[in-house]
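Comments concern the structure below.
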Amino acid sequence: MSNYYMTGPDGSRAGGYWEFLAVEEGRSFEVIDGFTHDDGTPNTDLPRMRAVFLFEETDTGSRLRTTTYFNSLTELEQLVSMGMEEGTVLAMGQIDDVLADLRTFAADRATQAQMLSDTRVRISRVVRGTPEQVWAAHHQPELLRQWCYGPDGWDFVECTVATAPGDRHRYAYAPRDGVEGQEFALTGELLETDPPHREVFLETMEGVDGPPTHNEQTLTPVEGGTLISLVITYDSLEQRDMILGTGMTYGMEAGYERLEAGVLAGA
């Protein structure tokens with residue numbers, strides 16, 4: 001079972017779920033597609049459908065073919081009137097941007113920030129190492145301390161790693177004597193984890209007002225190493241621009257350089 005919700009321009013939320021019936025990895029999957037209430041329970045007042053997703057190889061990429069089966073013509077017309085057709089077309093039109101061709105990434109390119117929308121950003125970098133090595137470097141405190149400590153002249157003073165959904169992480173940093181800046185900490189909650197390829201977590205800077213960011217990090221093996229892809233969802237355009245304006249991308253690049261030159265080079 002997979003639960004999700006969509007947020008409209010006015011802040012309204014519409015929830016749904018997929019109940020998986022069959023999966024042929026890399027080829028197809030079949031689900032029951034339904035609606036949910038705000039608490040995530042199925043909404044039986046609205047129709048549910050059976051949908052089949054088929055992935056086919058072509059000379060220029062992949063073709064996604066979806067077939068939806070309705071229980072009646074009345075239910076089909078009801079969902080079409082709710083904007084299902086327009087929503088599906090818009091969603092599929094965004095797939096190319098979200099799943100950029102992996103050939104656009106290379107092990108000799110610096111960290112990239114791609115704006116997916118007003119509130120979503122993807123940070124990407126290929127590092128020379130396997131997904132297992134990169135995952136360990138993100139989750140073993142003794143390794144994390146070696147590369148993820150911010151600008152030169154700063155120390156990683158607390159490293160509490162979340163390992164299971166519901167756990168909270170806390171990373172605190174402080175400048176050494178004579179270095180400008182004030183101690184700060186990043187903290188959040190782990191929502192999902194699938195080692196060594198994917199995790200989803202919330203994160204915020206302590207003492208800063210506003211909701212946390214929603215982060216999905218994936219590690220994908222590619223030619224030359226592992227593609228780290230971090231999709232960050234912000235609460236607003238203002239929050240996105242404020243955080244990116246701190247030089248976050250440059251700081252991440254400095255960390256990834258240390259990760260390659262130190263931790264992964266010796267792995």
Side-chain angles (χ1 to χ4, degrees), residues 1-55 64-95 98-99 116-122 162-169 187-195 197-204 210-218 229-236 239-240:
M1 182 79 77
S2 176
N3 288 78
Y4 64 90
Y5 67 86
M6 297 173 285
T7 304
D10 60 353
S12 60
R13 288 173 39 155
Y17 69 90
W18 280 357
E19 178 185 341
F20 286 84
L21 302 177
V23 176
E24 185 180 349
E25 187 172 352
R27 171 69 177 170
S28 67
F29 64 88
E30 180 178 351
V31 297
I32 296 296
D33 186 0
F35 295 86
T36 62
H37 296 290
D38 290 342
D39 62 0
T41 59
N43 184 349
T44 57
D45 294 331
L46 291 172
R48 68 178 201 161
M49 307 140 278
R50 181 170 65 89
V52 178
F53 294 74
L54 180 64
F55 303 88
L64 168 60
R65 189 190 307 273
T66 66
T67 306
T68 303
Y69 299 88
F70 299 88
N71 297 306
S72 66
L73 176 61
T74 300
E75 290 188 357
L76 184 155
E77 291 174 340
Q78 178 185 0
L79 292 172
V80 168
S81 70
M82 292 169 59
M84 176 182 174
E85 183 177 1
E86 293 87 344
T88 301
V89 171
L90 288 171
M92 287 192 167
Q94 300 178 89
I95 292 177
V98 174
L99 300 176
L116 301 178
S117 72
D118 285 349
T119 57
R120 299 176 75 231
V121 175
R122 178 171 55 195
T163 59
D167 287 353
R168 296 190 63 82
H169 69 266
T187 184
E189 179 185 357
L190 182 62
L191 303 180
E192 302 175 38
T193 182
D194 182 20
H197 296 295
R198 177 178 178 271
E199 62 183 338
V200 182
F201 57 95
L202 303 177
E203 189 168 74
T204 189
T213 60
H214 182 279
N215 308 270
E216 180 177 4
Q217 179 163 273
T218 56
S229 178
L230 176 64
V231 177
I232 306 173
T233 302
Y234 299 93
D235 181 64
S236 65
Q239 186 191 42
R240 185 201 76 178

May I ask you to check whether over 12 heavy atoms, not counting those of Gln78, lie within 6.0 Å of atom CD?
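Enclosed.
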For Tyr5, is the OH atom crowded, meaning more than 12 foreign heavy atoms sit under 6.0 Å from it?
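Count not over threshold, so no.
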Side chains of Thr119 and Arg240 in contact at under 4.5 Å (non-hydrogen atoms)
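Side chain of Thr119 against side chain of Arg240, heavy atoms only: no contact under 4.5 Å found.
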Is it the case that the side chain of Arg198 and the backbone of Glu192 share a donor-acceptor pair, with hydrogens and angles ignored and the cut-off at 3.5 Å?
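Such a contact is absent between Arg198 side chain and Glu192 backbone.
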With distance as the sole test, does Asn215 use its side chain to make a donor-acceptor pair with the main-chain N or O of Leu230 at under 3.5 Å?
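No, Asn215 side chain to Leu230 backbone: no donor-acceptor pair under 3.5 Å.
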side-chain contact (heavy atoms from CB on, under 4.5 Å) against Ser81, all qualifying residues, sequence neighbours excluded:
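Result, side-chain contact (heavy atoms from CB on, under 4.5 Å) vs Ser81: none returned.
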By side chain to side chain donor-acceptor pair (under 3.5 Å) - contacts of His169 (at least two apart)
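For His169 the side chain to side chain donor-acceptor pair (under 3.5 Å) partners, ignoring immediate neighbours, are Glu203.
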Testing the basics here: between [X] and [Y], what is the closest heavy-atom pair and its distance to 0.1 Å?
X: Thr163; Y: Thr193; answer: O-CG2, 4.1 Å
X: Arg48; Y: Asn71; answer: O-ND2, 3.0 Å
X: Thr204; Y: Gly210; answer: OG1-O, 4.3 Å
X: Phe20; Y: Ser2; answer: CE1-CB, 3.9 Å
X: Asn3; Y: Gly40; answer: ND2-O, 3.4 Å
X: Pro42; Y: Tyr17; answer: CB-CE2, 4.0 Å

Run the ring pair (Phe, Tyr, Trp, His ring centres under 6.0 Å) test against Tyr234 and tell me which residues pass, sequence neighbours left out.
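Listed in chain order: nothing, the list is empty.
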Over 60° means perpendicular and under 30° means parallel, so tell me whether Tyr4 and Trp18 are parallel, tilted or perpendicular.
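Tyr4 and Trp18: perpendicular rings.
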Apply side chain to side chain contact (heavy atoms under 4.5 Å, CB included) to residues Arg168 and Leu190 and explain how you reach the verdict.
CA-CA 6 Å; Arg168 296 190 63 82; Leu190 182 62; over 6 Å; no
Determine, step by step, whether Leu202 and His214 satisfy the side chain to side chain contact (heavy atoms under 4.5 Å, CB included) criterion, reporting the C-alpha distance in whole Å, the side-chain angles of both residues, the deciding distance to 0.1 Å, and the verdict.
CA-CA 5 Å; Leu202 303 177; His214 182 279; 3.9 Å; yes
Please report the C-alpha distance between Arg13 and Asp38 in whole Å, then the side-chain angles of each, then the deciding distance to 0.1 Å, and finally whether the side chain to side chain contact (heavy atoms under 4.5 Å, CB included) criterion is met.
CA-CA 8 Å; Arg13 288 173 39 155; Asp38 290 342; 5.5 Å; no
